[in-house]
Amino acid sequence: MNHDFSFDALTPTQTLMQGYPHPWCFGGGWALDGLIGKVTRPHADVDIVIWRGDQQAFRAQFADWDWQTYINREPRPWPAEEFLELPAHNAYGKKGEQELEMLMLEREGDDWWFRRNPAIRM
């Protein structure tokens, strides 16, 4: 079995994120592969992780993309002027053949907290 997968697949997303003024990182399977230092499998998409409070800057970075979010597993458009609150925690964007998934993390001050259980903090 050939496993000649490469992190080069992330380069287009890194280019798209240039100029974004807030912290961000890769999430999902790509993040796990980065942690272990090798690409273990093909990935269907690229997940970008940001702080919830920075979502309007993210949305502005991709203003000409079509965005939708899911509330209770139901898709709906994400208008540029809307600030997404919980339970919304992600959005999917598309422009032509390009696609991104954006995941939002919760925080209070310097503390990150898990959206499904706010008692879990770091």
Enter the distance from [X]:[atom1] to [Y]:[atom2] here, rounded to the nearest 0.5 Å.
X: Phe114; Y: Arg121; atom1: CZ; atom2: CZ; value: 13.0 Å
X: Met17; Y: His22; atom1: CE; atom2: NE2; value: 10.0 Å
X: Gln14; Y: Tyr20; atom1: CD; atom2: OH; value: 15.5 Å
X: Leu84; Y: Ile71; atom1: CG; atom2: CD1; value: 6.5 Å
X: His89; Y: Leu105; atom1: NE2; atom2: CG; value: 10.5 Å
X: Asp33; Y: Lys38; atom1: CG; atom2: NZ; value: 9.0 Å

Closest non-hydrogen atom pair, [X] against [Y]:
X: Gln18; Y: Gln61; result: O-NE2, 2.9 Å
X: Trp51; Y: Glu106; result: CZ3-O, 3.5 Å
X: Phe26; Y: Ala31; result: O-CB, 3.4 Å
X: Pro12; Y: Ala9; result: CD-O, 3.4 Å
X: Trp30; Y: Val46; result: NE1-CG2, 3.8 Å
X: Val49; Y: Gly27; result: CG2-CA, 3.6 Å

Please answer whether the main-chain N or O of Glu101 pairs with a side-chain N or O of Asp47 as donor and acceptor at a distance below 3.5 Å.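 Between the backbone of Glu101 and the side chain of Asp47 there is no qualifying donor-acceptor contact (under 3.5 Å).
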Counting only N and O atoms by type, is there a donor-acceptor contact under 3.5 Å from the side chain of Gln55 to the main-chain atoms of Arg52?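 Yes; at least one donor-acceptor contact below 3.5 Å.
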Spell out, yes or no, whether [X] and [Y] are grouped together once hydrophobic residues are joined by side-chain heavy atoms under 4.5 Å, including indirect joins.
X: Leu35; Y: Val39; result: no
X: Ile120; Y: Met122; result: yes
X: Leu10; Y: Leu103; result: no
X: Leu32; Y: Trp112; result: no
X: Trp78; Y: Trp24; result: yes

Is there a side-chain contact between [X] and [Y], using heavy atoms and a 4.5 Å cut-off?
X: Lys95; Y: Asp64; value: yes
X: Phe62; Y: Ile48; value: no
X: Ile50; Y: Met104; value: yes

Does the side-chain contact (heavy atoms from CB on, under 4.5 Å) test come out yes or no for Trp65 and Glu99, once each step is laid out? CA-CA 9 Å; Trp65 286 49; Glu99 295 182 10; 5.5 Å; no
Salt bridge check, Arg59 against Glu82: does any charged N sit closer than 4.0 Å to a carboxylate O?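 No, this pair does not count.
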